Amino acid sequence: MTPTRRDPGPAELATRTQLSRPAAEVAPKLLDALLVSDLGPQVIVRVTEVEAYAGLGSDPASHAHRRRTERNSSLFGPVGHAYVYFTYGMHWCVNVVAHPEGTAGGALIRAGEVVTGVSAARSRRTSARSDRDLARGPARLAMALGVAGDQDGIDLLDPRSPLRLELRAVDAPMAIGVGPRTGIAGEGADTPWRFWVDGDPTVSPYRRAAARKSTR
DNA sequence: CGGCCGATCCACT
DNA sequence: GTGGATCGGCCGA
């Protein structure tokens, strides 16, 4: 029996094409997009902050900088899929894979506003002090949506996916803030590849990388 | 609000 | 063996 092949609609193909560009170009276009999670009760987040990460030599801060490994393999895969990684021993973070053919990279979804499913998001984010904090930060956002390692590699553009990305056309000009990425040390620390919806309260605070303890 | 610190694993070196 | 694309609690202003 042959596997059933889905035929993607024109809108999906167009979105896939939009994402087949350098991450730094794609990232700001993800602002105001919707991330829809049906992993449990539905939660929808409107994206307010993103960071671009390229790879393979061009971006020392990227997980894909050195080479393809098991952990970062999603970054080398098809655009529009998710790269979900585990960090600091306890947190998951979500990227949208975006890069031209033959390269690697993506956009880290750093923050958003929960526009649907506030109570479901709250039950996953018991320590959140206010609704504003539900998805204010990359690990918080992943938790609010119920995303973990199981979702690494999932196709965010497949309408059947329990985790989906819906780009939205800007109907009104949106003020976009631009600055260096959060928590990056060394080379690439000042690359202005962080983008946010200017003035939005759900944008996370900027933090420079923690100074490294001297090894003495 | 801002700064400091501990938590807690695992992929990579 | 090492340290991170972070978070939350605690402290002082």
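The structure presented is a predicted model; accordingly, all values stated were derived computationally and were not measured. Proteins get letters first, then strands, A, B, ... in listed order; numbering begins at 1 in each.
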Categorize [X] for me: base, sugar-phosphate, or nothing, with a 4.0 angstrom heavy-atom threshold over every strand shown.
X	value
Leu108(A)	base
Ala139(A)	sugar-phosphate
Arg67(A)	sugar-phosphate

Nearest-angstrom distance from the residue atom [atom1] of [X] to [atom2] of [N]:
X	N	atom1	atom2	answer
His65(A)	dT13(B)	NE2	C1'	14 Å
Asn72(A)	dA11(B)	CG	P	12 Å
Arg125(A)	dG8(C)	CZ	C1'	9 Å
Tyr206(A)	dT6(C)	OH	C1'	15 Å
Tyr85(A)	dT8(B)	OH	C1'	16 Å
Trp92(A)	dA5(C)	CH2	P	15 Å
Leu75(A)	dA11(B)	CG	P	15 Å
Arg129(A)	dG9(C)	CZ	P	7 Å

Of the listed nucleotides ([options]), which one gets closest to any side-chain atom of [X]?
X	options	answer
His63(A)	dA7(B), dT13(B), dA5(C)	dA5(C)
Arg110(A)	dT13(B), dT6(C), dG8(C)	dT6(C)
Arg71(A)	dA11(B), dG4(C), dG8(C)	dA11(B)
Phe86(A)	dC9(B), dG8(C), dT6(C)	dC9(B)
Ser62(A)	dT6(C), dA5(C), dG8(C)	dA5(C)
Arg66(A)	dC10(B), dT13(B), dA7(B)	dT13(B)
Arg132(A)	dA5(C), dT8(B), dC1(B)	dC1(B)

Just checking, any donor-acceptor pair under 3.5 angstrom between side chains of [X] and [Y]?
X	Y	answer
Ser204(A)	Glu49(A)	yes
Tyr83(A)	His63(A)	yes
Asp152(A)	Ser74(A)	yes

Looking at Ser127(A), does any N or O in its side chain come under 4.0 Å of the phosphate oxygens OP1/OP2 on dG8(C)?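 Yes, Ser127(A) has a side-chain N/O under 4.0 Å of OP1/OP2 on dG8(C).
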Tell me which one of Leu157(A), Leu156(A), Val97(A) satisfies side-chain contact (heavy atoms from CB on, under 4.5 Å) with Leu19(A).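 Output: one option passes, namely Leu157(A).
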Could you tell me the Watson-Crick or G-U partner of dA7(B), where both distances fall under 3.5 Å? Say none if there is no partner.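 Its partner is dT6(C).
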Given that both distances must come in under 3.5 Å, which nucleotide forms a Watson-Crick or G-U wobble pair with dA13(C)?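 Because no pair has both required distances under 3.5 Å, dA13(C) counts as unpaired.
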Hey, which of these two, Gly89(A) or Met143(A), hits DNA chain C nearer its 5' end, going by closest nucleotide?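 By nearest-heavy-atom nucleotide position, the 5'-most residue is Gly89(A).
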So does Ala148(A) get a backbone contact from the side chain of Gln151(A), meaning a donor-acceptor N/O pair under 3.5 Å?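 Checking the backbone N and O of Ala148(A) against the side chain of Gln151(A), a donor-acceptor pair under 3.5 Å is found.
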Measure from the ring centre of Tyr88(A) to the centre of the six-membered ring in the base of dA7(B), then say whether that distance is under 5.5 Å and the planes meet at under 30°.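 The ring of Tyr88(A) is not stacked on dA7(B).
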Would you verify whether the NZ or CZ of Arg181(A) falls within 45 degrees of the ring axis of Phe195(A) while also being under 6.0 Å from that six-membered ring's centre?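 No, Arg181(A) does not lie over the aromatic ring of Phe195(A).
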